[in-house]
Amino acid sequence: MKSRNSIVILLSAIIILPVVAAFTVTSNMQEHWWQRKKSKKAPYEFSTLTEETGYQLQLQFTPGKHHNHPLMAIWIEDTTGAYLQSLYVAKSIAKGSFAHAVAGSRGWEPGPARRPAALPYWGHKRGIKANDGYYLPSSDQPMPDAVSGPTPQAAFILNTKTRQLDHTVFNLLMEINQSWDWNQHWHNNKFPEDQQYKTSSQPAIVYRATIDVNNPQPVYLMRPVGHSHYAGASGELYEDLSTLTTALEIAKEIKVIVKDLN
């Protein structure tokens with residue numbers, strides 16, 4: 001009987017292992033196919049703040065292999081870190097309303113929602129507190145259309161303008177966050193009582209480039225300089241990125257060009 005059982009187990013293993021291997025290969029092929037499909041699409045080009053009369057900037061975003069519907073905010077600060085102006089904010093954050101906000105009888109439905117863990121570094125830098133205490137725009141206190149727009153789903157080119165600035169040297173920053181990108185450190189049971197953490201997973205990544213319009217470089221590369229608070233409870237920037245994995249692969253490359261200074 002023991003010999004017969006051993007034969008059954010061995011035959012099961014012979015059948016199951018190729019199926020598992022085939023499933024893994026298929027899953028990897030599907031992921032690589034999707035990434036190739038996105039990479040072949042021409043970048044989506046759009047503009048914000050077209051009526052402003054300051055410096056013209058172009059930001060070119062190339063998605064990484066773990067890019068999957070992230071939220072973003074792009075803004076400028078002076079060299080002391082003081083907030084100056086937002087250049088682009090994902091529409092769902094800028095308007096306080098998400099396409100999948102409320103669980104209805106037919107699935108998720110659009111409606112007002114609060115996501116303080118999404119882009120907290122930008123929110124606290126902006127420094128405008130909503131009536132509910134969050135440093136976020138809300139559905140009754142939204143940001144203007146001129147600075148907001150849908151989040152591009154792949155590579156994009158943003159053309160934007162600043163206000164007239166006294167500063168010829170300033171920092172351009174971008175915060176990016178993607179839900180459900182857990183890893184071994186930022187797992188879904190790390191803060192089981194914190195509902196805001198569960199909407200963020202790995203914290204938002206902050207990228208920065210310092211722009212000198214009197215001595216412009218042909219291209220500025222934005223570099224990751226830290227991550228935000230995991231639940232959006234503060235505007236602190238955490239410079240240690242060692243616990244971040246796939247979050248650092250949402251973006252492959254972020255380039256900035258200063259245009260038309262003459």
Side-chain angles (χ1 to χ4, degrees), residues 66-77 81-103 108-145 147-152 173-183 185-208 224-241 243-248 250-251:
H66 288 286
H67 178 280
N68 185 17
H69 300 83
L71 293 170
M72 308 174 191
I74 300 166
W75 73 101
I76 54 174
E77 301 176 355
Y83 171 90
L84 295 176
Q85 178 188 5
S86 291
L87 301 178
Y88 164 77
V89 182
K91 187 175 182 179
S92 52
I93 294 292
K95 303 298 183 182
S97 180
F98 284 70
H100 302 89
V102 182
W108 290 98
E109 299 175 356
R114 312 300 279 149
R115 298 286 188 270
L119 304 170
Y121 190 66
W122 163 79
H124 282 81
K125 284 283 189 173
R126 179 171 171 262
I128 299 176
K129 185 185 287 188
N131 294 331
D132 58 9
Y134 292 130
Y135 285 91
L136 279 174
S138 61
S139 57
D140 59 344
Q141 295 176 296
M143 298 185 74
D145 293 342
V147 76
S148 67
T151 303
L173 294 101
M174 179 178 188
E175 186 172 20
I176 186 167
N177 180 275
Q178 189 164 280
S179 296
W180 318 120
D181 60 338
W182 310 106
N183 67 12
H185 183 86
W186 301 98
H187 52 81
N188 61 2
N189 200 39
K190 188 175 180 67
F191 302 104
E193 304 303 319
D194 195 322
Q195 295 302 312
Q196 301 304 340
Y197 167 68
K198 292 182 178 181
T199 68
S200 174
S201 311
Q202 293 178 67
I205 306 292
V206 178
Y207 290 79
R208 183 173 63 208
V225 294
H227 71 77
S228 309
H229 188 275
Y230 61 84
S234 75
E236 186 174 352
L237 182 68
Y238 300 83
E239 296 182 357
D240 182 5
L241 296 172
T243 61
L244 282 295
T245 54
T246 53
L248 291 167
I250 299 170

Taking [X] for its side chain and [Y] for its backbone only, find out whether a donor-acceptor pair lies under 3.5 Å.
| X | Y | answer |
| --- | --- | --- |
| Gln178 | Asn68 | yes |
| Lys198 | Asn188 | no |
| Ser201 | Trp180 | yes |
| Gln196 | Ala117 | no |

[X] side, atom [atom1]; [Y] side, atom [atom2] - distance, nearest 0.5 Å:
| X | Y | atom1 | atom2 | answer |
| --- | --- | --- | --- | --- |
| His185 | Thr243 | NE2 | OG1 | 4.5 Å |
| His67 | Ile250 | NE2 | CD1 | 8.0 Å |
| Ser200 | Trp182 | OG | CH2 | 8.0 Å |
| Ser138 | Ile93 | OG | CD1 | 11.5 Å |
| Lys129 | Tyr135 | NZ | OH | 4.0 Å |
| Phe98 | Leu71 | CZ | CG | 5.5 Å |

Might you point out which heavy atoms bring [X] and [Y] nearest each other, and give the distance in Å?
| X | Y | value |
| --- | --- | --- |
| Asp194 | Ala231 | OD2-CB, 3.3 Å |
| Lys125 | Tyr83 | O-CB, 3.2 Å |
| Leu241 | Pro224 | CD1-CB, 3.9 Å |
| Gln141 | Asn131 | OE1-N, 3.7 Å |
| Gly232 | His124 | O-CE1, 3.5 Å |

*Starting from the C-alpha separation in whole Å, work towards a yes-or-no answer on side chain to side chain contact (heavy atoms under 4.5 Å, CB included) for Lys95 and Asp145.*
CA-CA 9 Å; Lys95 303 298 183 182; Asp145 293 342; 2.7 Å; yes
State, with a plain yes or no, whether a side-chain heavy atom of [X] is found less than 4.5 Å away from one of [Y].
| X | Y | value |
| --- | --- | --- |
| Asp132 | Arg114 | yes |
| Pro116 | Thr199 | no |
| Ser228 | Leu119 | no |
| Trp75 | Glu175 | yes |
| Tyr88 | Thr151 | yes |
| Ile176 | Tyr207 | yes |
| Phe191 | Trp186 | yes |
| Met143 | Arg126 | yes |

_Residues in side-chain hydrogen bond (donor to acceptor under 3.5 Å, both in side chains) contact with Thr245, at least two apart in sequence or another chain_ =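 Testing Thr245 for side-chain hydrogen bond (donor to acceptor under 3.5 Å, both in side chains), a comparison that skips the adjacent residues, returns Asn183.
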*Name the orientation class of the two ring planes belonging to His227 and Tyr238 (parallel below 30°, tilted from 30 to 60°, perpendicular beyond 60°).*
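Because their plane-to-plane angle is under 30°, the rings of His227 and Tyr238 count as parallel.
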*Parallel, tilted or perpendicular: which describes the rings of Tyr230 and Tyr197, with under 30° parallel and over 60° perpendicular?*
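Perpendicular: the ring planes of Tyr230 and Tyr197 meet at over 60°.
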